[in-house]
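Treat the numbers as computed from the prediction; the structure is a model and nothing was measured. Throughout, a chain's letter reflects where its sequence line sits, starting with A, and its residues are numbered from 1.
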Amino acid sequence: MQVKRKLEILADAAKYDASCASSGTERRNSRDGKGIGSTTGTGICHSYAPDGRCISLLKILLTNFCVYDCVYCVNRVSSNVPRARFSIDEVVQLTLAFYRRNYIEGLFLSSGIIQSPDYTMEQVVEVARILREEHGFRGYIHLKTIPDADPDLLARAGRYADRLSINIELPTAASLSALAPEKDGAAIRISMARLRERIDAGKDKTVSGKRPPKFSPGGQSTQMIVGADASDDRTILSTSADLYGRYRLRRVYYSAFSPIPDASPALPLQSPPLVREHRLYQADWLMRFYGFESHEIITGEQGMLALDMDPKTAWALQNRAMFPVDLNRAPKSTLLRVPGLGVRNVQRILAARRVRAVRLDDLVHMRAPINRMLPFIQLPDHHPGATLDAASLPVRLKDTHAAPQQLGLFI
Amino acid sequence: MQPRSSWDCSSRALMHNIYLKDETDIEGWRAAARRLIAHGITPQEVDWYVGPARDAAVQADFFAMADDATNLPAAPSSIVDQENNAGIAPPNIFAGQPGIPAEGRSLMVPRQFVELVRSVILHCAPERFGLLYRVLWRLQQERGLMRLAGDADVARLNAMTKAVRRDMHKMTAFVRFREAMVEGRPRYLAWFEPEHHIMAAIAPFFIGRFAAMDWTIMSPRMGMRWDGNMLHFLPGGKPGALPAEDAGEALWMSYYRHIFNPARLKLKAMQKEMPKKYWHNLPEAELITSLIAGAGMRTQAMLERAPEPPRRKVIGYQRKPRRPDIAGGNE
Ligand code: SF4
């Protein structure tokens, strides 16, 4: 089979993994003229597909042959999709060819499970080893790790990779055993805990100041499929909060379950609206950077996030007694809860109000989303008055753009 | 290089015309700004130009004359970093100038301003030089000015910096090299049209990443070539000179086509990050229209397809018994 055909099949097989990040790792370059590549810290998206997703890495499977039968997965053993397998050298050459042309930041490699978890993991690690050791590749490498593989193999993976990930797949252990019978929720979590230990150890300097061997400097991440089981947003977010807390994940990715070729009859026919995925990301953001607890964020009925407005606005509407917030007096943690006010503008307000009072005009110049903010804030030249308590406020703040979109609208 | 200036008595009140060497002449701007401030010349009295003075008869160095005059205030001599007295200002910006008396008023130059100058100067808007001078002027009186993100001038500077940074980031993302074999060695060639004057500023990124490669990036205003050892700046060019699509590009096109999930279309999200103005430079962009057009049908087909029994023989996978070291998990 030609490399081109393999690439088609194995990119098709990889696209349901949402992550394509190339961020969070150490900074490197190849200014010394040996090898090739660099990393930037924040990562670079080299392109975007019409599905809105960033293309930062060459995201492929080593093979989409798989002995497991995860119901939601296009590569499960019982699916009839075409199969292919790259040789190790083909992946290495493809990565380098794309990198030299500045198409990508690096490689995100995962694989279906062939023969055994150990055998598969060994092949994946070998690709990374050859890139690093034989080609001096200093770009980004993200390896998907197989929780059942030998801990020594995971340790080797961490030596070469910038990021490791193990997918939690589903929000609850019950869903996992129903939809991915061969997977073991406990083994997944144990592997995450083990990775965390090694990642943490790789960061600590010893007393003598010597650097420990580096281990996945970009940390670990995971992915959860949304809408393939009946879990509500409350369950999803509390699972995320638990994962962030326990295993110090860099990111939890949410992937709205979408129709796949040759889907299993065991799956729901209806895929969730894409906006649900978007709201989960917003809520996740609020937990990580805005001081919200997972249980506060759920304001909609039946444990769901509101689809028609962002979760912060929805939360504010249910907690109107806390508002209006005086932008010139409120502490940082309160400013962070004002709808429309992002982390950056909060910092700007804090800096500015030490010099003089912040007024409405300042917000205009800072290009803050004034209309969303006005009902909730107080300034020397503005008070929301009755608008804050008006019954019509929720309707006014509805996010009309985010209404669930029909595919047909675009065609 | 000293900036040249001249008296221009044509129509308005006395104006000072400052001629900078080129679009990113940060040294020239800095030297001129220091002297203008020292002589108490208000922002309204200064016009900034790029290029040689138009009138050879007025090439006399205003500053040389002015510095000789005894009735002018003494020129600044030192920098006070308001934020941090450790003197964070990068070298060569606002550093002391030879020929300027070593006593007198201090120039107020907060660190944030110095940082802004370095990126704002790369912006394409002609008014950047004057705006920077106005803010420097105001800083001499308004000590906290840089912290007022809501001030119209500061907000404009912040917006300009953001635009320049974004342009630089997009250049690191969207430059596409094509490979050509020249005398048995691969050379990598790209065409890119940055919006702002960022070519020289972005060079270290490409050198740090592709130091062992021989690469050239051309743009309408200027080009640069890294030969593996040295960076050479070239005059501007035309896009036609690129080599034809190579095998690597064909594979990239396949990849783009297949990494796209037709069941999700988020065109706004795509265009926000990859605006159309970049498309003509991205080989994969020519696929976008057809991918979008085909997405609905492909998704419908997936939904309507009756589930098929597996065509291959499925042998149930037998999990190994759990290793003793992971027994007793937390679920
Ligand atoms: S293990 Fe499951 S999720 Fe992974 S490729 Fe195989 S079937 Fe898909």
Side-chain angles (χ1 to χ4, degrees), chain A residues 4 7-8 11-12 15 29-33 36-38 44-52 55 58-59 67-68 77-78 80 94 97-98 100-103 173 182 185-187 189-190 258-265 271 274 348 351-352 354-355 358 361-363 365-366 407-408 410-411, chain B residues 144 147-152 155 169 172-179 188 207-213 228 248-249 251-252 254-256 258-261 263-267 269-270 273-274 282 284 288 291-293 295-296 299 302-303 305 307-308 310-311 314 317 319 322 326 329-331:
Chain A
K4 181 168 179 290
L7 177 61
E8 290 169 0
D12 265 332
K15 68 179 148 206
N29 64 52
S30 45
R31 184 68 185 80
D32 58 7
I36 181 173
S38 60
I44 298 172
C45 287
H46 285 271
S47 194
Y48 288 82
D51 54 21
I55 300 177
L58 170 61
K59 179 163 58 176
V67 294
Y68 283 20
V77 66
S78 58
N80 291 315
L94 204 51
F98 278 14
R100 279 189 220 110
R101 289 166 177 80
N102 204 42
Y103 299 156
E182 292 93 354
R189 282 169 170 268
I190 287 164
S258 72
I260 50 173
D262 200 39
S264 155
S271 48
L274 280 183
R348 286 173 159 176
R354 265 177 244 135
V355 182
V358 171
D361 231 20
D362 290 314
L363 299 182
H365 287 139
M366 282 160 53
L407 199 57
F410 292 113
I411 300 166
Chain B
R147 278 184 267 157
L148 298 177
D151 177 89
H169 183 79
T172 65
F174 296 150
V175 159
R176 295 283 184 267
F177 287 116
R178 278 186 175 160
E179 191 183 81
Y188 293 86
I207 297 171
R209 177 161 289 201
F210 301 120
M213 281 166 33
E249 190 168 305
L251 286 171
W252 169 245
S254 297
Y255 178 65
Y256 187 81
H258 287 269
I259 204 67
F260 163 60
N261 180 354
R264 20 184 320 142
L265 273 185
K266 287 184 131 186
L267 301 181
M270 172 185 70
E273 296 301 334
M274 195 166 82
L282 300 168
E284 68 270 26
I288 292 174
L291 286 177
I292 295 169
T299 309
M302 285 191 276
L303 287 172
R305 186 147 175 245
E308 279 177 36
R311 282 194 289 267
V314 175
Y317 177 74
R319 263 189 83 83
R322 221 189 249 182
I326 60 169
N330 52 6
E331 273 183 338

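- Put simply, of A:G33, A:G52, A:S47, the one with the most heavy-atom pairs under 4.5 Å next to chain B is A:S47.
- The most heavy-atom pairs under 4.5 Å with chain B, out of A:I44, A:N80, A:N29, come from A:N80.
- Annotation: side chain to side chain contact (heavy atoms under 4.5 Å, CB included) contacts of B:N261 (sequence neighbours excluded): A:K15, A:Y16, A:D51, A:S258, B:A263, B:R264.
- Between chain B and the residues A:V355, A:N102, A:D362, the largest count of heavy-atom pairs under 4.5 Å involves A:N102.
- For A:S264, the side chain to side chain contact (heavy atoms under 4.5 Å, CB included) partners at least two apart in sequence or on another chain are A:V71, A:R76, A:A266.
- Considering only heavy-atom pairs separated by less than 4.5 Å from chain B, the leading option among A:V358, A:D32, A:I36 is A:I36.
- Within the 6.0 Å centre-distance limit, the rings of B:F177 and B:F210 are counted as a close aromatic pair.
- With chain B as the partner, the residue from A:C45, A:P265, A:A97, A:A263 showing the most heavy-atom pairs under 4.5 Å is A:P265.
- The two residues A:H365 and B:G150 come nearest to each other via the heavy atoms ND1-O, 2.8 Å.
- How far CZ of B:R176 is from NE2 of A:H46: 7.0 Å, rounded to the nearest 0.5 Å.
- With values rounded to the nearest 0.5 angstrom, B:M270 atom CE is found 9.5 Å from B:L291 atom CG.
- When all heavy atoms of B:M302 and A:I260 are compared, the pair lying nearest together is SD-C, 3.5 Å.
- Using a 4.5 Å cut-off between heavy atoms, B:E284 touches chain A through its side chain atoms alone.
- Between the CD1 atom in B:I259 and the CG atom in A:L7 there is a gap of 8.5 Å [rounded to 0.5 Å].
- Ranked by heavy-atom pairs shorter than 4.5 Å toward chain B, the options A:P261, A:A352, A:P50, A:G37 are led by A:P50.
- A:F98 touches chain B through its side chain: at least one heavy atom from C-beta onward sits under 4.5 Å away, while N, CA, C and O do not.
- Contacts of B:Y188 with chain A are made by side-chain atoms alone, with heavy-atom separations under 4.5 Å and no backbone atom involved.
- Of all the listed residues (B:S254, B:A269, B:A212), the one sharing the greatest number of non-hydrogen pairs under 4.5 Å with chain A is B:S254.
- Residue A:L363: no heavy atom, backbone or side chain, is found under 4.5 Å from chain B.
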